[in-house]
Chemist: 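So that we are looking at the same thing, I have put the structure below in structure tokens.
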Amino acid sequence: MISNPMIKQSLIALAILSTLTACQTTVIQKDTKETATIAPVIVNNTTSGAGLTLEQAMAHPDWFARSPERSFWSADSASVYFQQKQLGSELRDTFSRQLSTNAQNLPVELSKLHEIGAANSVFSEDKQLNAYVFEGNIFVKDIKNNSIKQVTRSKAKASSLQFLNSGELAYREGNGFYKVSLTTGLTEQLAQLNLADKPKGIEEPSSYIAKEQHKLINYVALTHENKKQRADRQAQIKQNNAATFNADFYLGKGMELVEVSLSPAGTYMIAVITPEKSWRDDSDIMPNYITSDAGIDAVPARRRVADEKPVNSTVLLLDLTTGSQTSLSYETLPGFDEDVLASVKAENYAREGKKYVSEKKPREINLMSDWGWEQTAIQWQSNGQNVAIMLEAWDNKDRWIATIDFDKNKLVSQHRLHDTAWVNYTYNDFGWLANSNSLYYLSEESGYSHIYTKELGKKAQQQTKGQFVVSDLTLDTKNNRILYKANQKHPGIYEVYQLDLTTGQSSALTDLNGMTDYQLSPDASKLLLTHSTLLNPPELFISDASKPSPLMQLTHTVTEQFKQTKLIAPQIVAVPSSHGAQPVYAKVYYPADYKEGETGKNRKAVIFNHGAGYLQNSHLGWSGYFREFMFHSLLASEGYVVMDMDYRASKGYGRDWRTAIYRHMGKPEIEDLADGINWMADNVNVNKDAVGTYGGSYGGFMTFMALMTRPELFQSGAALRPVSDWAHYNGPYTSNILNHPDVDPIAYERSSPIYFAQGLEDRLLINAPMVDDNVFFQDVVRLVQRFIELEKENFETAIYPVEPHGFRQPSSWLDEYRRIYKLFKETL
């Protein structure tokens, strides 16, 4: 075991569990100062075996593992199901695993797939029945008797299963909502939502000539009278005969349905509607030049943020008993009419020599959209007496949780989360505590995502505290607790914890020191864990759900070839920041020949910039950037120092870290890269004149900004699938950070590389997929034209005609990384 001399703190060692590979050693380092900083360090993998080649690193990932996917519990908590990719095919097979002793993973026959259940299945109140959808049809499993009943068998696609308090099973087909008695088999329609105006019935003639027609032509008058009589009789039947369907709701012509939620009591429904609109304009196309018929496809593409228009939704309360529908006003939400962008508008007006006058007016408000949710933004109390709705402002500055006063038909605000930058599009889990008028929810109001509880009409209580991030809440009603995931030990270690709602105390349920996701078994006794480490792709494990316990490993999908491949594992270091008290956590791949305390060497280095902006990569789990991990190991084996930084804006470090780039993307992140270069120069003998950088997507954008705005930092860079102009990117992501271009052009101009093209001095490689529906190929085309007009000579472009944003062909990956490798060989 070796220590890391580069981190400036004194160290004490603590061995960390490595679940699969004995050659991986982990050391936790602790600051001797009063305020401790924990920094895990992974030492080099010393596995014997063949070294890694670039061809192998870029090969199809089948060669190292076919990790388990889409795992879920059986209804009786006795088995686990998961999928695994077939070798050499994109098809997936389903496997089952009984948790009994010496059981094996067994394939599920295609003819039996309808019997296993589903990840999003629902349970009856007494937990004896489990309902799920298979191929659009509904199945109900009697858990005690281990019997299955098929409820529907049709081409219609059932969804939104829900057991009602009556014991009946409710479901949705299209915009029709039904309930079925599992005792009698009777299916009853609860509601039909019509995206149309309510029919006006048989109207009397209104114009002069129509009235005269009815006077002069007896046939016309008689036909009209017969229609009226038939319509009146049909209305009388619906009103007086309980056997008929009488639950049509008309939501309005030109509207689209955003979300619908049925009360567990079956008495109310919440429907959220918005004006119908296309997700694109006619000119939003992406040419595809490689087609099966040798023609050119004009592939539809999404709208750009610059073309996005404000969207407002309406929340409707539908009373299924009376047939009434009520639109709920947002006026009861605090700040619903605030001019939250007043200072931004004033700055942009001033640049044009104008003065902005602020005024209050209703803001556009919509249902909350969380990018990682498995729940909805409408949450009913189990008895159906209360409902909570999470709403967000279109300007991204506010999130509300509101309940409904059913007597007064109005929204009642329970919580407002305001952020002067933007409300996060993750960490929004919420719901009702069992048998209680109390809500639980996540909020970043303390600076980090934490759990809060709030009894209606009372002050909220913060249940978790500290400089760590809480996510993935699971309410365990059986044991009166909330399970959650958090990086409490260290920003890069995620464990599973439980919050005891009786005592308010939290405790750890796992101690695995990597990346760990979990699913609680239906009987709340066990956890299904998906766990990975730096050198080990994800595998499935079972553990006790009440306390840390030895693990039962269910899958072993890592190949022998990968186990025998010699790799250099990164070490996690805390790079001191020159722009704040919080360090920048980074992976560092040390050269294979590095010696502790070495002097007199001028080493070359590469900084990798992860994509997505809001993503964490300097953690102790298996990285989604597995090809880059292997490429970095290869570079380190050849003498490079490689650094992979969780620059400001990265996930996992709290609200202030996330919003540091508000209105100025590409500045704080590059400042962090500069700190990384200085750290490598001070600690690993890196020559500051021999450093390159590269990255894809957001990382490609950062490469552009680094080379164009801070040319002294790097000698070369490779920008892959890069953003060059944020006004051309999508609305949901970009408007959070930069507002909208019509409101805040200053933010877009100082954040977009195309405005800094004249600053390019060093070698630049641009790798661009041509059928990229995320970052358009046009981003590269426009910037290349700008370089041509500026008479720049030191750039080159490689195009990939068949690739989308995430490459699919190993040949494309290999071509891309051969070019990157060559660039660094020639320039560093």
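Just so we're clear, the structure is a prediction, and the values are computed from it rather than from any experiment.
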Chemist: Any donor-acceptor pair under 3.5 Å linking the side chain of N683 with the backbone of W679?
Modeler: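 Here the side-chain-to-backbone pair exists.
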Chemist: Should K792 and E761 count as an ion pair when the cut-off is N to O under 4.0 Å?
Modeler: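 No, this pair does not count.
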Chemist: Between H418 and D398, does any side-chain donor sit less than 3.5 Å from a side-chain acceptor?
Modeler: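 Their side chains do contain a donor-acceptor pair, which is all the 3.5 Å distance test asks for.
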Chemist: Relative to each other, are the rings of F562 and W63 parallel, tilted or perpendicular (30° and 60° limits)?
Modeler: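 If you compare the ring of F562 with that of W63, the planes turn out perpendicular.
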Chemist: May I ask you to check whether Y589 and Y640 place their ring centres under 6.0 Å from each other?
Modeler: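 Centroid distance Y640-Y589: not below 6.0 Å, so no.
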Chemist: Counting N and O atoms only, with roles assigned by atom type, does the side chain of D297 sit under 3.5 Å from a partner on the main chain of V299, one being a donor and the other an acceptor?
Modeler: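 No, D297 side chain to V299 backbone: no donor-acceptor pair under 3.5 Å.
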Chemist: Check whether any side-chain heavy atom of P538 lies under 4.5 Å from a side-chain heavy atom of M515, and answer yes or no.
Modeler: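 Side chain of P538 against side chain of M515, heavy atoms only: no contact under 4.5 Å found.
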Chemist: Salt bridge or not between D281 and R303? Use side-chain N to carboxylate O under 4.0 Å.
Modeler: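 Yes.
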Chemist: Please find out if less than 6.0 Å separates the ring center of H490 from that of Y585.
Modeler: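 For H490 and Y585, the ring centres are under 6.0 Å apart.
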Chemist: Checking R782 against F776: charged group under 6.0 Å from the ring centre and within 45 degrees of the axis?
Modeler: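 Cation-pi check for R782 and F776: fails.
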Chemist: Within 45° of the axis and under 6.0 Å from the centre of the six-membered ring of W394, does NZ or CZ of R363 qualify?
Modeler: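 Checked: cation-pi criterion not met.
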Chemist: Does the pair R663/E347 count as a salt bridge with the N-to-O cut at 4.0 Å?
Modeler: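 E347 and R663: salt-bridged.
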Chemist: Does the pair R786/D725 count as a salt bridge with the N-to-O cut at 4.0 Å?
Modeler: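 Salt bridge between R786 and D725, a charged N being under 4.0 Å from a carboxylate O: no.
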Chemist: Report the relative orientation of the aromatic rings in F631 and Y694; use parallel for angles under 30°, tilted for 30 to 60°, perpendicular for over 60°.
Modeler: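 Ring orientation, 0 to 90° scale: perpendicular.
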Chemist: Which is it for F756 and F704 under the ring-ring contact (aromatic ring centres under 6.0 Å, His included) test, yes or no, and what are the steps along the way?
Modeler: CA-CA 9 Å; F756 302 95; F704 279 160; over 10 Å; no
Chemist: Evaluate the criterion ring-ring contact (aromatic ring centres under 6.0 Å, His included) for residue pair F468 and H450; output intermediate values, then yes/no.
Modeler: CA-CA 8 Å; F468 57 91; H450 281 294; 4.9 Å; yes
Chemist: Verify, without hydrogens or angle tests, whether D772 (side chain) and A768 (backbone) share a donor-acceptor contact under 3.5 angstrom.
Modeler: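 Looks like no, no N/O pair under 3.5 Å.
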Chemist: Just checking F64 against W622, ring centres under 6.0 Å apart?
Modeler: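 Here the rings of W622 and F64 have centres that are less than 6.0 Å from each other.
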Chemist: I want to check a possible cation-pi pair here: K651 against Y427, using under 6.0 Å from ring centre and within 45° of the ring axis as the test.
Modeler: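 Output yes; distance and angle both within limits.
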Chemist: When the aromatic ring centroids of H610 and Y698 are compared, is their separation below 6.0 Å?
Modeler: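 No; Y698 has its ring centre 6.0 Å or more from that of H610.
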Chemist: Does N366 reach the main-chain N or O of V311 with its side chain, forming a donor-acceptor pair under 3.5 Å?
Modeler: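 Such a contact is found between N366 side chain and V311 backbone.
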